[in-house]
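A short worksheet on the structure shown next.
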There are 2 protein chains.
Amino acid sequence: MSASPAPGVVEVCGALADDTRWQVLQLVGTEALSASELAERLPVSRQAIARHLGVLAAAGLVEPERAGKQLRYRAIGARLSLLAQQLDAIGRGWDARLERLKAIAEAEAGTAR
Amino acid sequence: MSASPAPGVVEVCGALADDTRWQVLQLVGTEALSASELAERLPVSRQAIARHLGVLAAAGLVEPERAGKQLRYRAIGARLSLLAQQLDAIGRGWDARLERLKAIAEAEAGTAR
DNA sequence: CCGATCTGCAACTGATATGTTGCATCAAGG
DNA sequence: CCTTGATGCAACATATCAGTTGCAGATCGG
């Protein structure tokens, strides 16, 4: 019914709106890492990393996997691709509306003359 | 050199990380509107709308066009589609790396046996 | 059982973003 | 010239977020 921008888009974009989280994603996109391991590679505390991982997991961009004592996270590319698909559809909708308006304007000019 | 997520992505995602800005985009994606006109349709003040339009314009998601005394904005779908393309490429990269790791693991198992 | 290590929860601080109100400015029309 | 309506700038209050430190709990190795 609603022409709203689909549920979850705002949340996922918010998760992607932080520089530190992109650094986390870049590392986790290469290999599964725990919060402690990420804290060793990034200039922030382990707890800050854990919070970022929580945000990313809530957005579906990462998923945890147990590895004995520690909890490693890996990036979910499909979630990012899904967002990309949604955004592209919205963007095409805007431009399509513009094209249609232009076409109507030209048609009006044609019939009026 | 860097495998960084391309310049501007974080900024554009930040612009898309607010609910009010999505409402603005939805309206401006249908027809070009000024800050005052948007303020009439949304439950926030004109100045707040103007700030949001500034953020969206800085991200390239909207563009102003003069209409006599007032300044109307229209949504730029191409900018959103460009972001979508960048995000999809990154997402596919993550999954591709995963697939490659799985393939290597299987090959290792094969040669080792 | 005990020490070491990794994870989880809570409180606190500083920065940033959203939204407001008020005032200044500038163009169009009578 | 003066009024009207629109934009632009600035100060302010509030809320949320990123980051820190401190401590408690859980889990593996000896």
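A, B, ... follow the sequence lines: proteins, then strands. Residue 1 opens every chain. Since we're looking at a predicted model, the values are computed, not measured.
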Compare all side-chain heavy atoms of B/Asp95 with those of B/Arg92 and state whether any distance is below 4.5 angstrom. no
Hphob cluster co-occupancy, B/Ile76 + A/Ile90, side-chain heavy atoms under 4.5 angstrom: no
List the atom pairs, with distances to 0.1 Å, where a side-chain N or O of residues 34-58 of chain A and a protein N or O form a donor-acceptor pair under 3.5 Å, not counting sequence neighbours.
| residue | atom | partner | partner atom | Å |
| --- | --- | --- | --- | --- |
| A/Ser34 | OG | A/Glu37 | N | 3.2 |
| A/Ser34 | OG | A/Glu37 | OE1 | 3.4 |
| A/Glu37 | OE1 | A/Ser34 | N | 2.8 |
| A/Arg41 | NH1 | A/Glu37 | O | 3.2 |
| A/Ser45 | OG | A/Ala48 | N | 3.4 |
| A/His52 | ND1 | A/Arg21 | NH1 | 3.1 |

Report the distance from atom CZ of B/Arg66 to atom C1' of D/dG8, rounded to the nearest whole Å. 12 Å
Output a table of nitrogen or oxygen pairs between the protein and nucleotides 14-18 of chain C separated by less than 3.5 Å.
| residue | atom | partner | partner atom | Å |
| --- | --- | --- | --- | --- |
| C/dT18 | OP1 | B/Arg21 | NH1 | 2.9 |
| C/dT18 | OP1 | B/Arg21 | NH2 | 2.7 |

Is it true that a side-chain atom of A/Asp19 and a backbone atom of B/Val10 form a donor plus acceptor pair closer than 3.5 Å? no
Tell me if the CD atom of B/Gln85 is crowded by more than 12 foreign heavy atoms within 6.0 Å. no
side-chain contact (heavy atoms from CB on, under 4.5 Å) assessment of B/Leu16 paired with B/Trp22: CA-CA 7 Å; B/Leu16 297 176; B/Trp22 272 106; 3.8 Å; yes
Report yes or no: do A/Leu82 and B/Val12 belong to one cluster of Ile/Leu/Val/Met/Phe/Trp/Tyr joined by side chain heavy-atom distances under 4.5 Å? no
Nearest-angstrom distance from the residue atom CG of A/Leu38 to P of C/dC6: 13 Å
Contacts under 3.5 Å, N or O only, protein and nucleotides 22-28 of chain C:
| residue | atom | partner | partner atom | Å |
| --- | --- | --- | --- | --- |
| C/dG22 | O6 | B/Gln47 | NE2 | 3.2 |

B/Leu71 has an atom CG; how far is it from atom C1' of D/dG5, in whole Å? 15 Å
Can you find a side chain N or O atom of A/Ser45 that sits less than 4.0 Å from OP1 or OP2 on D/dT20? yes
Starting at CG of B/Leu42 and ending at P of C/dT20, how long is that distance when rounded to a whole Å? 11 Å
How many Å lie between CD on A/Gln70 and P on C/dG8, as a whole number? 12 Å
Look only at the side chain of A/Arg79 and the backbone of A/Ala59, and say whether a donor-acceptor pair between them is shorter than 3.5 Å. yes
CG of B/Asp19 versus P of D/dT16: gap in Å, rounded? 14 Å
Could you please spell out the steps behind the side-chain contact (heavy atoms from CB on, under 4.5 Å) verdict for B/Arg74 and B/Val62? CA-CA 5 Å; B/Arg74 61 183 176 87; B/Val62 299; over 6 Å; no
Using the closest heavy atom to pick a nucleotide of DNA chain D for each, name whichever of A/Val44 or B/Ser36 lands nearer the 5' end. B/Ser36
